[in-house]
Amino acid sequence: MGHDPWTELRDRAEQVRRTIESELRVTTPGVLQEAPADHGLFALAAHTWAKELKTSPASIATRASRVKPVSPFAPLRAEGPYVNFTVDPAPFAELVLSAVRSDGETYGTSPARKERVLLEHTSANPTGPLHVGRARNPFLGDALVRLMRAAGYKVTSEYLVNDIGRQMVLLYWAVAHLPEDPSDSEERIEYRYVKLYQKASAKLEGDETLKREIERLTQRFEGGDVQLTKDIRKVGEAVLGGILETLRRVNVTYDSFFWESDAILDGSVQRVIERLMPLGKEEDGARYLDLTGFGLEGDAAKYFFVRRDGTSLYTTRDIAYHLNKMGRCDVAIDVIGEDHKLSFQRLKAAFQLMGIDWAPETIFYAFVNLPEGRMSTRKGRVVYLDDLIDEAIDRAYAEVAKRREDLPEARKREIAQTIGVAAVRYNIVRVQAEKAITFRWEEALSFEGNSAPFLQYAHARACSILAKADGHGPSDLRLLVHPQEQMLIRWIAKFPSTVREAAEGRRVHAVAGYAADFASQFNLFYRDCPVLAAEPASLRGARLGLVDASRVVLRNALDGLGLTAPKEM
RNA sequence: GGACCCGUCGCCUAGCACGGAUAGGGCACCGGAUUUCUAAUCCGGCUGUCGAGGGUUCGAAUCCCUCCGGGUCCGCCA
């Protein structure tokens with residue numbers, strides 16, 4: 001475990017770079033960059049030294065290229081103003097593929113790190129089913145959990161259950177007082193509840209008696225009425241159960257849950273209030289922190305933590321929650337919607353004001369909107385994640401049925417589910433989190449080109465070859481000199497560092513892009529290099545080894561994104 | 001009004017943190033490849049003032065400034 005051939009190659013190239021610099025007697029260090037595919041593995045731009053040596057980059061490159069490189073690099077080549085590092089195919093193939101062989105199925109993972117990471121994601125309020133506008137959160141969060149684990153971090157995934165606040169009280173009231181529509185055929189509880197919630201929400205407009213009722217309940221609730229808290233929590237638990245069921249369908253699970261009501265019941269919210277009191281200012285009986293000077297001004301700088309009636313606010317509970325987190329990890333990562341940006345800026349400022357030298361890391365994502373605007377559960381303008389999943393699986397089934405009449409029904413269903421779910425996840429995760437997405441059915445259900453089935457298909461192809469091979473037989477890796485074999489080996493080499501850098505930079509989409517490129521390279525190899533029919537036997541064996549290595553890379557890349565790699569499709 | 005984010009072929013998108021070789025993909029459209037390991041594949045064609053302008057630099061999609069367009073936020077809501 002833990003081999004990283006690309007970094008190994010880069011280190012060797014850096015060694016050569018230093019030799020070049022001492023030969024040239026230059027003091028400015030050059031920057032080793034990855035070379036375009038047809039110019040070797042790495043390159044140095046000689047422009048860097050032109051000023052210092054007072055000659056042209058091209059002539060410097062020529063001089064530099066006389067330096068003898070180390071294995072597996074071939075003699076350096078000057079091409080225009082660049083010094084290119086190409087490799088000798090045979091030792092290159094051996095270096096990379098022996099690394100894969102010794103790591104086996106774990107190739108791509110990095111050695112354990114000491115940081116404990118607590119990664120919070122999704123944390124949707126338990127007031128209704130998960131909708132697509134929120135779906136970015138679990139897909140991004142879960143993929144990051146997986147990739148960080150592969151990169152060696154010790155990661156705990158957590159869901160903050162927000163069972164406090166007016167929304168929860170209103171849902172509780174609706175469930176307790178409104179009759180369910182007897183013709184309602186919905187089986188799942190959160191779908192039935194959300195309809196009651198929408199009704200109550202509509203009724204609230206202009207109904208003063210109900211408004212007062214909800215206010216009274218809210219006060220009792222937040223004042224610490226244990227029985228009421230338990231009753232409301234029961235409603236929250238039911239809805240959360242449904243949300244988690246939806247998430248399980250798309251392979252998202254959690255290690256732990258934190259209930260906001262617990263922070264009230266165990267007194268930690270009260271302790272936060274007492275701690276903030278001396279730091280706060282007063283306005284009409286309410287209390288706030290003045291965060292002017294932390295890059296905030298005006299109303300944005302007022303961070304209220306106690307209402308006039310003495311009850312806590314979301315902000316207060318958020319501080320309590322993050323103080324709790326602080327004690328449980330080295331790095332806390334919160335995956336949240338960009339609407340929380342100001343909140344977190346204030347939370348971090350509040351921590352500074354409290355003299356706490358720690359802050360959670362944040363990953364903000366832009367919303368998935370409908371062409372007609374933002375999704376809203378309250379207004380009923382939503383696409384539920386379950387519906388998207390159902391539709392994706394249906395379409396995948398149609399495709400599988402078309403292609404694989406030979407398979408038994410159950411197997412076709414299984415494959416359709418694998419493909420449909422992956423397609424939905426991949427379409428979200430391939431895009432940078434900060435970019436806004438407009439949800440369109442045709443795009444969300446794309447099965448061609450840059451899509452999950454494209455990656456899965458490459459994996460299935462690899463598996464299919466291996467299944468037919470019946471053992472590898474003799475193998476000589478030095479025979480893998482075909483340009484497309486070499487290109488594939490290069491991509492295999494890059495896998496571990498790609499995962500590690502994506503995890504360190506919290507850039508999930510980088511792995512999605514890598515996986516697509518890799519699948520593409522594998523398809524080119526598949527086209528150009530017959531495997532089972534290859535002669536001599538030692539070339540066949542070597543190609544089988546290459547296919548197996550590709551299989552491991554694809555499987556682990558897909559897994560890091562939370563996508564299942566099917567053996568056939 | 002202020003703060004933060006985004007702006008790359010008709011549409012979606014990578015590259016930007018760390019500046020270097022003709023800005024990569026995909027969709028759509030047109031044309032081709034299947035007696036060969038699954039054609040959910042592959043090949044060719046078409047499409048780009050990298051939002052605009054200025055600056056820094058030998059070199060800018062990438063860094064800096066200004067502006068424009070879009071998103072998000074600025075509750076004693078969560």
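Convention: sequence-line order gives letters A, B, ...; per-chain numbering from 1.
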Check your understanding: Would one find a side-chain N or O of A:Arg308 under 4.0 angstrom from OP1 or OP2 of B:C76?
Key -> no
Review point. Does A:Tyr288 put a side-chain nitrogen or oxygen below 4.0 Å from OP1 or OP2 of B:G75?
Key: no
Exercise for review: Pick base, sugar-phosphate or nothing for A:Met168, based on heavy-atom distances below 4.0 Å to the nucleic acid.
Suggested key: nothing
Exercise for review: Look at all strands and tell whether A:Val400 reaches a base, only sugar-phosphate, or nothing, counting heavy atoms closer than 4.0 Å.
Suggested key: base
**Study point:** Sugar-phosphate, base or nothing in reach of A:Arg404, heavy atoms under 4.0 Å
**Key:** base
Point to revise | All stems with RNA chain B, defined as three or more consecutive Watson-Crick or G-U pairs under 3.5 Å | key: B:1-7 with B:68-74, B:10-13 with B:24-27, B:29-33 with B:41-45, B:51-55 with B:63-67
Review point. In whole Å, what separates the P atom of B:A17 from that of B:A61?
Key: 13 Å
Check your understanding: Which of these nucleotides, B:A21, B:A3, B:C77, is closest to any side-chain atom of A:Arg307?
Key -> B:C77
Check your understanding: Can a side chain N or O of A:Arg507 be found less than 4.0 Å away from OP1 or OP2 on B:G15?
Key -> yes
Check your understanding: Is there a side-chain polar atom (N or O) of A:Lys51 under 4.0 Å from OP1 or OP2 of B:C58?
Key -> yes
Review point. If you check every side-chain atom of A:Ala286, which of B:C76, B:C73, B:C37 has the closest atom?
Key: B:C76
Revision key, fill the gap. Testing B:G71, B:C76, B:C74 for proximity to the side chain of A:Ala300, the answer is B:C74
Exercise for review: Please state how far atom NE2 in A:His47 lies from atom P in B:A21, giving the value in whole angstrom units.
Suggested key: 9 Å
Check your understanding: Between B:U13 and A:Gln432, is there an OP1 or OP2 to side-chain N/O distance shorter than 4.0 Å?
Key -> no
**Study point:** Side chain of A:Tyr457 (C-beta onward), nearest among B:A78, B:A39, B:C74
**Key:** B:A39
Revision key, fill the gap. From the candidates B:U72, B:U41, B:C77, the one with an atom nearest any side-chain atom of A:Arg166 is B:C77
Practice item. Decide yes or no, distance alone: a donor-acceptor N/O pair under 3.5 angstrom between the base of B:A21 and the side-chain of A:Asn84. Key: yes
Review point. Counting side-chain heavy atoms from CB outward, which of B:A21, B:G2, B:C12 is closest to A:Arg430?
Key: B:C12
Practice item. Looking at every strand, decide which applies to A:Glu568 at a 4.0 Å heavy-atom threshold: base, sugar-phosphate, or nothing. Key: base
Review point. Counting any heavy atom closer than 4.0 Å, what does A:Ala301 reach on the DNA or RNA strands: base, sugar-phosphate only, or nothing?
Key: nothing
Review point. If you look at every strand shown and take non-hydrogen atoms under 4.0 Å, does A:His509 touch a base, only sugar-phosphate, or nothing?
Key: sugar-phosphate
Review point. Between B:U72, B:C43, B:C74, which one does the side chain of A:Leu342 approach most closely?
Key: B:C74
**Study point:** Pair A:Thr498, A:Glu501: side-chain N/O donor-acceptor within cut-off below 3.5 Å
**Key:** no
Point to revise | Salt-bridge contact A:Arg395-A:Glu399 (side-chain N to carboxylate O under 4.0 Å) | key: no
